[in-house]
Amino acid sequence: MANTSLPPVMGWSSWNHFRQDINEDVIYQVAQAMKDSGLAAAGYQYVNLDDCWQSSARDDNGHLQFDLSSFPSGKELIDRIHRLGLRVGLYSSCGPLTCEDMPASYDTEYRDARTFVDLGADFLKYDYCHVVDLTTDEKLLSTAPAVVGLEIRSRETNTFLELPAANAQLSGAAQLTHFADESPAITGLSARGGEAQFTGLNLPAGEYVVTVIYHKFKSENRQLLVVHAAGQEHTMLFPTTSGWSATGRVQIKINAAQPITAFTLLNPITDRKSDAILRYRTMASALQTATKSSDRTTPFIYSVCEHGRNAPWTWAPKFADAYRISGDIRNNWASVVDCYDKLKAMLPYAVPGSYADPDMLEVGNGALTQNENIAHFSLWAFLAAPLILGNDIRHYQDLPKEQDWLRIVTNKAVIAIDQEAPHLPAEPLPGTSNIDVLAKYMADGQAVLCIFNRSDNEQSFSLDLAQLPAAIHGVPYQYHGQPVTELWQQTNYRQEQSQIHTTLPAHAVNVFALAK
């Protein structure tokens with residue numbers, strides 16, 4: 001799982017405002033504005049380049065590269081942003097192309113992860129394009145080849161080991177099948193039907209070439225195997241074939257950090273969910289491998305952007321720092337509330353270190369009222385969402401006071417609700433059909449409350465602080481008359497002993513801090 005000590009990420013992303021129209025000057029101007037405006041000091045650290053940072057062509061060595069016209073400095077841009085004290089995010093997709101049809105990372109995960117780390121990136125948003133929206137991968141790769149055997153060669157000692165199919169221990173539907181004039185082959189590995197395990201090995205840690213020899217049938221669809229060895233998982237894709245020759249071979253390189261005692265072969269793909277899990281887990285493994293072999297000392301953030309299509313809240317926390325739970329947010333109030341409701345539905349799955357992501361903030365993009373901007377930011381903070389700005393922050397000094405988004409997103413007390421332990425979302429308390437109440441007890445002893453009017457009309461509501469839960473997420477709190485502060489400095493409430501009475505405009509919040 002991700003690092004449980006890390007709070008939700010704070011930063012900025014290019015997509016909501018600029019979409020594909022990004023270039024080196026825009027990105028550096030944003031980074032400079034983050035530093036000069038106080039955003040960086042408030043905790044916003046990541047400058048994330050979304051789709052179209054990359055060229056439509058890989059370089060001569062097959063590596064992703066910056067757009068050669070829009071980003072002529074390439075890696076130097078990342079270095080310059082680092083010198084500002086900020087971090088940089090890049091973008092790819094688990095299909096062969098991104099949403100904007102740029103080259104992506106399917107079947108090149110380990111090479112691309114190495115590229116991201118070598119470029120100095122600190123964050124990867126990994127999208128789900130050209131997978132279900134366009135079936136570039138012709139169909140689910142749930143079919144496994146018929147395995148004739150393995151050949152293992154050490155790249156360090158050049159020693160060679162043959163493992164014929166007959167040596168494997170088979171389980172499930174896996175069986176040994178004899179084809180005419182050929183050695184026996186293992187069949188039945190498709191769609192998690194069975195497994196083949198070659199055991200009793202004693203290969204020292206090191207780098208190996210693993211060759212899978214397989215029996216060819218004429219096929220217009222690719223096939224897939226996953227190889228487990230020395231605690232690592234490796235995906236192997238087998239090409240379409242005319243079946244002209246009886247056998248073929250596919251190779252991978254593995255770098256085992258521990259001795260290899262067994263190889264296990266299987267195909268885990270049974271449906272879209274298992275396919276998505278394998279795609280995203282493969283990149284997680286690739287990033288882990290790349291970062292371990294680098295000299296970086298700061299965490300690398302991995303954000304799964306699968307849009308909630310395959311219930312990522314049930315599997316992504318095992319290896320991702322964040323996971324998207326819905327489609328793209330839109331710059332209107334209805335979309336904000338829809339994302340908020342989806343985020344509330346994720347509360348039973350919340351764990352520290354891996355955060356449900358309702359998408360970027362629309363604060364400052366011009367469509368929301370001031371009350372809506374404040375509510376939007378507060379709700380994301382209370383529900384432990386990543387705080388990723390999506391507006392054009394370069395002109396922060398030019399806005400009139402009534403459009404002062406910067407004051408909203410740098411509210412230190414509200415940011416602390418998102419960032420300070422326990423790194424878990426607030427707990428819903430009883431409200432009404434129009435009023436939501438969220439509560440969180442902070443590790444520093446404070447309690448914080450958000451009262452949200454989700455209706456289109458003014459609403460009044462009363463809350464008895466003496467009836468607050470005795471503990472939330474294991475953190476205790478008891479109200480016995482401690483001072484109450486409204487964190488947005490609003491005055492639309494009154495207090496009578498333990499009772500708070502508030503009258504909220506449409507789409508507005510009150511956020512209260514109760515002293516320890």
Side-chain angles (χ1 to χ4, degrees), residues 2-11 38-39 41-45 299 317 321-322 340 343-344 346-358 361 363 374-388 407-431 435-452 461 463-490 493 495 498-500 502 509-516:
N3 187 337
T4 58
S5 67
L6 291 177
V9 167
M10 296 176 63
L39 284 167
Y44 296 90
Q45 290 295 303
D321 301 286
Y340 159 72
L343 186 56
K344 273 207 310 178
M346 296 299 103
L347 296 182
Y349 303 94
V351 294
S354 186
Y355 302 100
D357 181 6
L361 293 158
V363 176
I374 289 172
H376 180 12
F377 188 71
S378 302
L379 295 172
W380 264 231
F382 266 81
L383 293 182
L387 299 180
I388 306 295
R407 179 183 67 87
I408 295 172
V409 302
T410 54
N411 184 315
K412 292 181 180 179
V414 176
I415 289 172
I417 297 169
D418 182 78
Q419 292 287 295
E420 292 183 9
H423 300 310
L424 288 166
E427 180 175 303
L429 301 185
I435 297 290
D436 286 0
V437 182
L438 302 171
K440 181 176 178 179
Y441 298 163
M442 311 278 278
D444 66 2
Q446 288 191 95
V448 288
L449 304 169
C450 180
I451 302 175
F452 169 40
F461 183 76
L463 180 67
D464 187 352
L465 303 179
Q467 299 301 313
L468 292 175
I472 296 176
H473 300 311
V475 180
Y477 187 84
Q478 182 179 16
Y479 181 74
H480 48 79
Q482 297 98 314
V484 175
T485 304
E486 209 287 327
L487 297 184
W488 292 110
Q489 300 179 349
Q490 299 185 94
Y493 73 96
Q495 185 178 359
S498 67
Q499 296 274 341
I500 286 183
T502 181
V509 295
N510 278 138
V511 175
F512 297 106
L514 284 58
K516 59 185 177 180

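Of all the heavy atoms in P8 and D418, the pair that sits closest is CD-O, 3.4 Å. Nearest approach of L387 to W380, heavy atoms of both residues: CD2-CB, 3.9 Å. Contact detail for L6 and P299: the closest heavy-atom pair is CD1-CB, 4.0 Å. Here the closest non-hydrogen pair linking Q478 and Q482 is O-NE2, 3.0 Å.
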For this session: Decide yes or no on side chain to side chain contact (heavy atoms under 4.5 Å, CB included) for K440 and I472, but give the supporting numbers first.
Result: CA-CA 7 Å; K440 181 176 178 179; I472 296 176; 5.7 Å; no
For this session: Quick one: do Y340 and F452 satisfy ring-ring contact (aromatic ring centres under 6.0 Å, His included)? Show the steps, please.
Result: CA-CA 11 Å; Y340 159 72; F452 169 40; 5.4 Å; yes
For this session: Verify side chain to side chain contact (heavy atoms under 4.5 Å, CB included) between L429 and L468, making sure each step is shown before the conclusion.
Result: CA-CA 8 Å; L429 301 185; L468 292 175; 3.8 Å; yes
For this session: Dump the intermediate steps for side chain to side chain contact (heavy atoms under 4.5 Å, CB included) on Y355 and V9, then the final yes or no.
Result: CA-CA 9 Å; Y355 302 100; V9 167; over 6 Å; no
Problem set entry | CA sep, side-chain torsions, deciding dist, call: L379, L438, side chain to side chain contact (heavy atoms under 4.5 Å, CB included) | CA-CA 9 Å; L379 295 172; L438 302 171; 4.1 Å; yes
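Here the side chains of P430 and V437 are not in contact, with every heavy-atom distance at 4.5 Å or above.
Taking the six-membered ring where tryptophan is involved, the planes of Y477 and Y441 are tilted, since the angle between them lies from 30° to 60°.
One finds the CZ atom of F512 at 8.5 Å from the CG atom of L463 (value rounded to the nearest 0.5 Å). The distance from atom CG of L39 to atom CD of Q45, rounded to the nearest 0.5 Å, is 10.5 Å. We find the CD1-CE distance between I415 and M10 to be 4.0 Å, quoted to the nearest 0.5 Å. Between the NE2 atom of H480 and the CG atom of L514 there is a distance of 10.5 Å, given to the nearest 0.5 Å. Residue Q446 holds its CD atom at 8.5 Å from CD1 of I417, rounded to the nearest 0.5 Å.
Put simply, the residue from I500, I451, N510 that forms a side-chain contact (heavy atoms from CB on, under 4.5 Å) with F461 is I451.
In the displayed structure, Y479 atom OH is contacted under 6.0 Å by more than 12 heavy atoms of other residues, nucleotides or ligands.
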